[in-house]
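Just follow the structure's listing: the first ligand is 1, and inside any ligand the first atom is 1.
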Amino acid sequence: MTTINNSSTHKSSKFGIVGLLRRLLPFVLPYRWLLVVTLVLTFAGSLMAQVNAVVLDRAVDAINAMLHREDGFDWGDAAKLLAIVSAVLLGKELLAAVVTFGQRIFGEKIRINVSRDLSLKVVDRILQFRMAFFSADGNEPGKLQTRIDRGVMSLSNTVKNFFIDILPLFTSAVMALVLMFAANVYVGLVALAVIPVYFVITARQGVRMKGWRRRVFGTHQALNHGIMNILESITVIKSFNREQAEADKQAKLQNDSTAQQMQTRRISFLFEGLKTFVEQIGTVLIIILTAYLVLIDYPGMTIGKIMYHVLLFSNVSAPIRQLHRIYDDLNDALVYAEGFFGILDNEGDVETSGQHKTEQVHGDFELRNVEFTYPGGTHAIRDLTMQIPAGKTTALVGLSGAGKSTIVNLLDKFYSPDSGHIALDGVPLEEWDTEHLRDNIGLVLQKNHIFSGSIDENIRYGNPSATTEQVREAARQAYIYDQIMQLPDGFESNALQLSGGQQQRIAIARMFLKNPPIIFLDEPTASLDAIATEQIKASIDAIKQGRTVIVISHNIGQIIDSDYIYVLDTGHVAQHGTPKDVYRQGGLYKEIFDASARSMNADKIANTMA
Ligand code: ADP
C-alpha cells in the first residue's frame with residue numbers, strides 16, 4: 001500500500017518530472033484545442049512583453065536626436081513623437097490585457113477540468129476497491145481524503161504552473177534574450193551568464209528544503225486525521241472529560257507543524273533574498289556594460305539601448321525568480337503524485353468478479369477448511385467448515401470477536417479467504433459475478449449507515465426503480481410507516497434525524513424493497529428497544545419465509561427461533577446442531593445460553609408474569 005513516509009526524501013519519489021508530466025498527459029489531452037489556443041495566446045503575449053523595451057529604445061534615441069538637432073528643438077515634432085509613443089504603448093497594453101485574459105481563462109479552464117477529471121477518476125477507483133483496501137494501515141478515511149485532496153490540488157497546480165505560469169514567462173525570457181543578443185553579443189552574454197547562477201541557487205535551495213516538505217505533509221495528514229477522530233468521538237471525549245488531553249495531542253501536532261512551516265519559510269525567504277540580490281547584480285552589470293559601450297561609441301550602441309537592455313533583462317530574470325516556486329510546487333506534486341497515482345495504479349486491490357450468474361439463487365452455502373486473516377494481521381477464521389442450507393435460518397452464536405461478522409464478510413465476498421473453499425449453490429464463490437451475488441443478498445448490520453438525504457431516498461437505496469407505493473409498503477413491513485407519517489415532512493424528512501432504532505427499521509425497509517433470496521442479519525435488533533425488537537422480530541419472521549437467512553444475534557429469543565445453530569469460538573466451529581441439540585451438548589452454547597437467561601433475570605420475569 002502506498003503511504004507517505006515522513007522520513008523519506010524526494011529522491012525516493014517514484015516519479016521524476018518527466019514521469020509526472022507523462023502521467024498527467026492523458027488528463028490534459030482531452031483539452032488539446034484549449035491548449036493550442038492557450039499556447040498561441042502565450043506566444044502573442046510574449047511578443048508583446050518586449051514592446052516596451054523596443055519603444056523606449058526608439059523614443060530615447062529620437063528624443064536625444066531632437067535635443068542635438070542643428071536647426072534647433074521643435075516642440076511640434078516632440079509632441080508628435082510623444083503621441084506615437086503613448087498610442088503604441090497604450091494600444092499594446094490594451095491588446096496585452098485581452099490576450100492575457102484569454103490566456104489565463106483558457107489555462108484556468110484546463111486546470112479546473114483536469115482537477116475534476118482527476119477527482120472523478122480516483123473516486124471511481126476507490127469505489128472499485130475491495131474491503132481489504134479500506135482496512136489496511138494508512139487507508140483510514142482522513143488519511144485517504146488528505147491524500148486525494150492534496151494529489152488533485154498539486155497535480156492540477158502542475159498543469160496550471162506549466163501552461164499558465166512557466167510557459168509564458170519562459171517564452172518571454174527566451175525572446176528577450178534573443179533580442180539582447182541580436183542588439184549586442186556582449187550584453188547578451190552577461191545576461192546569459194547570470195542564468196546559471198540562479199539555477200545553482202535554486203538547486204541549493206532544493207537541497208536545503210529536501211525532506212521538509214514531506215515532513216510538513218505528514219504532519220498535515222496527521223492533523224487532519226486527528227481532527228476527524230475528535231469529531232467522530234466527541235461524545236466519548238466529553239463524557240470522559242478528556243477535552244484537555246485531546247487538545248494537548250492536537251497542540252503537539254500543531255506545534256510540530258508550525259515549527260516545520262517556519263523552517264521551510266525561513267529557508268525559502270533566505271534564498272529569495274539571495275536571488276533578488278543576484279538579479280540586482282545582473283542589472284548593475286548590464287547598466288555598466290551598456291553605458292561603457294555607449295561611451296566608447298561602440299557601433300549600434302546608443303543611450304536608448306541602455307534602457308532597452310535593462311528592460312529586456314528584467315524579462316529574462318522574471319521567470320527565473322519564479323523558478324523556486326515552480327520547483328517547490330513541482331516537488332510537492334512529485335510527493336503527492338506518488339500517493340495519488342498509488343491509488344489509481346493499485347490494480348491489486350480492485351474487486352475481482354467471476355462470470356457466474358443464474359436465474360434463481362437458492363442459497364446453499366458451503367465452507368470447507370477456510371482460513372482468513374485481516375490485512376491488519378488478525379487471524380479471524382481458523383479451519384472453518386460449515387454448511388448453510390437454503391431456505392432455512394441458521395444462527396451464528398459466539399462471544400464477541402469469535403468471527404461471526406467475518407463469516408458474513410466472506411460470504412458477501414467483501415474479503416477473500418487465505419485458503420479453503422467457499423461455494424454457493426455448488427459454485428465456488430470466486431466464480432460468481434460479484435454484482436449478481438450481492439444483488440441476491442440482503443445485509444442488515446447492527447449499525448446501518450443512513451446516508452444524508454430523505455427517508456424516501458434512503459429506503460429507495462434498496463431498489464432505485466421502486467414506485468412510491470412500493471417504498472411505502474416496505475416501510476409498513478418494517479413497522480416504521482406510521483412513525484414516518486407523523487414527521488412534519490413525512491417521507492421527505494431527513495433520515496439522519498431519526499433515532500438509532502428508527503434508522504435500523506429504515507435499513508430493514510430497504511431490504512424488504514430489495515427482496516433478495518438470501519438475508520444476512522448481523523445483530524439487527526442490538527440497538528432497538530423491546531417493543532421495536534418485537535415488531536422487527538415479527539417482520540423478520542415474515543421475510544424469512546422461503547429464504548436463506550443467517551442471523552447473528554446475542555438475543556436468545558432470535559437464536560432459538562433458528563433451524564440450525566453454529567457456535568463459534570476464536571474463528572472455528574465449536575458446536576453445531578438444532579437449538580435443542582446444541583443446548584443438550586452443553587459446552588460453550590449452554591454457557592452463553594444460561595448466562596443470557598440469568599442476565600435477563602428469567603426466573604423473576606417468570607414469577608412476575610405468573
Ligand atoms: P464477531 O462478529 O464474532 O464479534 P468479528 O468477525 O467481528 O467477530 O471479528 C473477528 C476478529 O477479527 C476480531 O478479533 C476482530 O478484532 C477482527 N476484525 C474484525 N473486523 C476487522 C477488520 N476490518 N480489520 C481487522 N480486524 C478485524
Does the ring centre of Tyr564 sit less than 6.0 Å away from the ring centre of Tyr566?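 Yes: the rings meet the under 6.0 Å criterion.
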[X] side chain to [Y] side chain, donor-acceptor N/O pair below 3.5 angstrom:
{"X": "Glu371", "Y": "His379", "answer": "yes"}
{"X": "Thr373", "Y": "Asp418", "answer": "yes"}
{"X": "Gln558", "Y": "Ser562", "answer": "no"}

So, is the end of the Arg130 side chain (NZ or CZ) under 6.0 Å from the ring centre of Phe414 and within 45° of the ring's axis?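 Geometry flag: not set, cation outside 6.0 Å or 45°.
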Going by the order shown, which atoms of ligand 1 are within less than 4.0 Å of some heavy atom of [X]?
{"X": "Ser135", "answer": "23 (N)"}
{"X": "Leu399", "answer": "3 (O)"}
{"X": "Tyr415", "answer": "23 (N)"}
{"X": "Ala380", "answer": "11 (C), 12 (O)"}
{"X": "Thr406", "answer": "5 (P), 6 (O), 9 (O), 10 (C)"}
{"X": "Ser405", "answer": "1 (P), 2 (O), 6 (O), 7 (O)"}

Consider every N or O of Ala402 and every N or O of ligand 1, then say whether any pair is closer than 3.5 Å.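 For ligand 1, there is an N or O atom that lies under 3.5 Å from one belonging to Ala402.
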Nearest-neighbour protein heavy atom for atom 18 (N) of ligand 1, which is reported as residue plus atom name and distance: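 Checked against all protein heavy atoms, atom 18 (N) of ligand 1 sits closest to Tyr374 CE1, 3.2 Å.
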Do me a favour and list the nearest non-hydrogen protein atom to atom 4 (O) of ligand 1 with residue, atom name and distance?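 Its nearest protein heavy-atom neighbour is Gly401 N, 2.7 Å.
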Is it the case that over 12 heavy atoms from other parts of the model lie below 6.0 angstrom from the CZ atom of Arg116?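 Yes, CZ of Arg116 has more than 12 neighbouring heavy atoms, counting only those of other groups under 6.0 Å.
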Side chain to side chain donor-acceptor pair (under 3.5 Å) evaluation trace for Arg125 with Asn346: CA-CA 9 Å; Arg125 185 34 71 110; Asn346 184 353; over 6 Å; no
Contact between ligand 1 and Gly398 is defined here as a heavy atom of the residue under 4.0 Å from a ligand atom; is it met?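 No, Gly398 has no heavy atoms under 4.0 Å from ligand 1.
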Would you call Gly376 a ligand 1 contact, heavy-atom distance under 4.0 Å?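 Judged by the 4.0 Å heavy-atom criterion, Gly376 does not count as contacting ligand 1.
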Indicate yes or no: at least one non-hydrogen side-chain atom of Thr434 is less than 4.5 angstrom from one of Thr352.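 With C-beta onward as the side chain, the pair stays apart.
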Please report whether atom 15 (C) of ligand 1 has a protein non-hydrogen atom at a separation of less than 4.0 Å.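 It does not; no protein heavy atom is within 4.0 Å.
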